[in-house]
Amino acid sequence: LHLDMETAENLRRGMSAAEARRAAVLRFGGRQRFREETSDARGVAVLDNLARDTRFAFRRLKRAPGFAAGVIATLGIGIGAAVGIGTIVYGVLLRELPYPEPDRLVRVGFVTDGIGVPGDLQSPATYLHFAKSARSFTELGAYSTNDKFAITDGEAPERVTVALMTPSTFTLLGVRPLLGQLFEPGDTSWYTGRTPILISENLWRRRYGADPAIIGHRIEIDHGARTVTGVLPRSFDFPSPSVDIFYPAPVPVQRPDITTRYLNVIGRLREGVSPSAAAAELNALIPRLSDRFPAITLETLWQSHARATVESLKSATVASVRPQLLLLGVLVAVVLLIATTNVVNLFLLRAERAGHETAVALSLGATRVAIAQRFVMEGLVLGLAASSVALPAAALEMVATIKVVEKRLPAGILERDNDSRRSGNAMPRVAIVIEGNRLEAAAISAVGQSAAVLFGARRWPVGCGDESCTWI
């Protein structure tokens, strides 16, 4: 209507019909712009624009398969590597241990630099002395892992990993049995036939068919039959996910010394006590070892430079893999930076080639916002496609990294499928448990889309001349 009115006005001014129509069109600009503005004013253009821009993006990418494949592969591999390693770094280094009040759990070591005994393991004498005298802890517990024992009952024998634990270890970790009961304070001997044992849920389901009558059942193991008094839940995989049988740890002090050290000692700090304060108390107690055990003389303690260490259990368990994971994180960040730089360069090159096309669209009445939306949609489509590459890339990256550091990963970090604990070639779930949050396609897709929006937004036309456009 307005175009016809402007044409009639031009005719009254003496123009020919063709000139009047052309002048009216030039005055009003392209009709598409008015259609878009009217639709926007009515609030019904969102879905239509989305569908139109999506079709436009697919058409353009179909005409440039090399560009699309390069962006998808580069961005997908870069994001996949970053998400995979980032998830492992978070799950191993940042996630809290899966025990009540994990910030109060500490590892208690005993170091003797002067006599050349490496490590911070404790002897039964030092453990009992600290457990009875220290006031900085609500409880101390000791454990050690033993060689594999053979279960000989049933049809086929099976070798399983055994751990020795004091009853207090289960208490300070807040463990509740799935069936039966835990060790009692008097259960401190593993080599007698009356010794109770605890078994893992995995062993209970795998070998005994989840039989609820397992409690009180005697199992034939190396060194004689043992009575099952409890089944530990699968969520408890301390000190290692591979442990299937737990014996009560003996702490005999037949010949007290500070060189026969085989006990890992952990503790729970009292409320308000810091690790440094606990270490200071233990170091003050070291000279009193000779009062409790006269065979350990003050001269021996002085010559050995004996000292106690107290550090967060989380820090102690991840210490062996922290440098490797941090290095991997830095390397992956560099790879992601290189990948994004390459993608930006591809977009800039494509933007230069699209300058004439954009100038034509602007001359026909398309708005810069509409053109920018189409390019952003193109970036989103590429981002979604890159996410489909990033998901398997992240999974492969995680599996490869886990295979490298798995033997040194602390307990409670990896979660495996039900029957994979004893299978050396079983793949961990994809994968690191993050307190209920897991690596899923949606997470990677969001990252991919965000990166794609960033790259797409770089192709924003800010001004066009006769043959080309300026882009930022």
Polar side chain donor-acceptor pair, [X] to [Y], under 3.5 angstrom:
X	Y	value
Thr126	Gln122	yes
Thr169	Thr166	yes
Thr112	Arg261	yes
Arg107	Asn264	yes

For [X] versus [Y], what's the shortest heavy-atom pair and its separation?
X	Y	value
Leu269	Ala278	CD2-CB, 3.7 Å
Arg270	Arg135	NE-O, 2.8 Å
Pro239	Met165	CD-CE, 3.3 Å
Ala249	Ala142	CB-O, 4.4 Å
Pro157	Arg207	CA-NH2, 4.3 Å
Ala339	Thr74	O-CG2, 3.5 Å

With rounding to the nearest 0.5 Å, note down the distance linking [atom1] in [X] to [atom2] in [Y].
X	Y	atom1	atom2	answer
Asp153	Tyr208	CG	OH	3.5 Å
Leu301	Arg288	CG	CZ	13.5 Å
Leu140	Thr171	CG	OG1	12.5 Å
Leu289	Ser123	CG	OG	7.5 Å
Leu173	Leu313	CG	CG	7.5 Å
Ile72	Leu384	CD1	CG	10.0 Å

Per side chain to side chain contact (heavy atoms under 4.5 Å, CB included), Ile245 is matched among Leu232, Leu203, Val228, Leu164 by Leu203
Result for side chain to side chain contact (heavy atoms under 4.5 Å, CB included) between Lys148 and one of Thr161, Val162, Asp244, Val160 points to Thr161
Mark yes or no for whether [X], through its side chain, and [Y], through its backbone, hold a donor-acceptor pair below 3.5 Å.
X	Y	answer
Ser168	Glu139	no
Thr297	Thr300	yes
Arg268	Leu172	yes
Glu281	Ser136	yes
Arg292	Ala125	no

Any [X] side-chain heavy atom under 4.5 Å of [Y] side chain:
X	Y	answer
Asp211	His217	no
Phe293	Ile258	no
Leu382	Leu75	no
Ile286	Phe110	yes

For Ile85 and Leu331, run side chain to side chain contact (heavy atoms under 4.5 Å, CB included): C-alpha distance rounded to whole Å, both residues' side-chain angles, the deciding distance at 0.1 Å, then the answer. CA-CA 10 Å; Ile85 296 299; Leu331 292 177; over 6 Å; no
Run the numbers on Thr227 and Arg218 for side-chain hydrogen bond (donor to acceptor under 3.5 Å, both in side chains), then give the verdict.
-> CA-CA 4 Å; Thr227 302; Arg218 290 178 68 81; 3.0 Å; yes
inquiry  = ring pair (Phe, Tyr, Trp, His ring centres under 6.0 Å), that's the test. Do Phe67 and Phe347 meet it? Break it down for me.
reply    = CA-CA 9 Å; Phe67 165 78; Phe347 270 113; 5.4 Å; yes
Check against side chain to side chain contact (heavy atoms under 4.5 Å, CB included), Thr138 and Arg104: CA-CA 10 Å; Thr138 60; Arg104 292 171 55 194; 3.8 Å; yes
Applying side chain to side chain donor-acceptor pair (under 3.5 Å) to Tyr143 and not counting sequence neighbours gives none
> Hey, are Arg307 and Asp113 close enough for a salt bridge, meaning a charged N less than 4.0 Å from a carboxylate O?
Replying inline: yes
Kindly assign one of parallel, tilted or perpendicular to the pair Phe238 and Tyr99, based on the angle between their ring planes and the thresholds 30° and 60°.
-> perpendicular
Inset, instruction - Kindly check if the number of other-residue, nucleotide or ligand heavy atoms within 6.0 Å of CZ (Arg322) is above 12? - result: yes
Tell me, with the steps shown, if Ile214 and Ile199 meet side chain to side chain contact (heavy atoms under 4.5 Å, CB included).
-> CA-CA 10 Å; Ile214 191 67; Ile199 65 174; 4.1 Å; yes
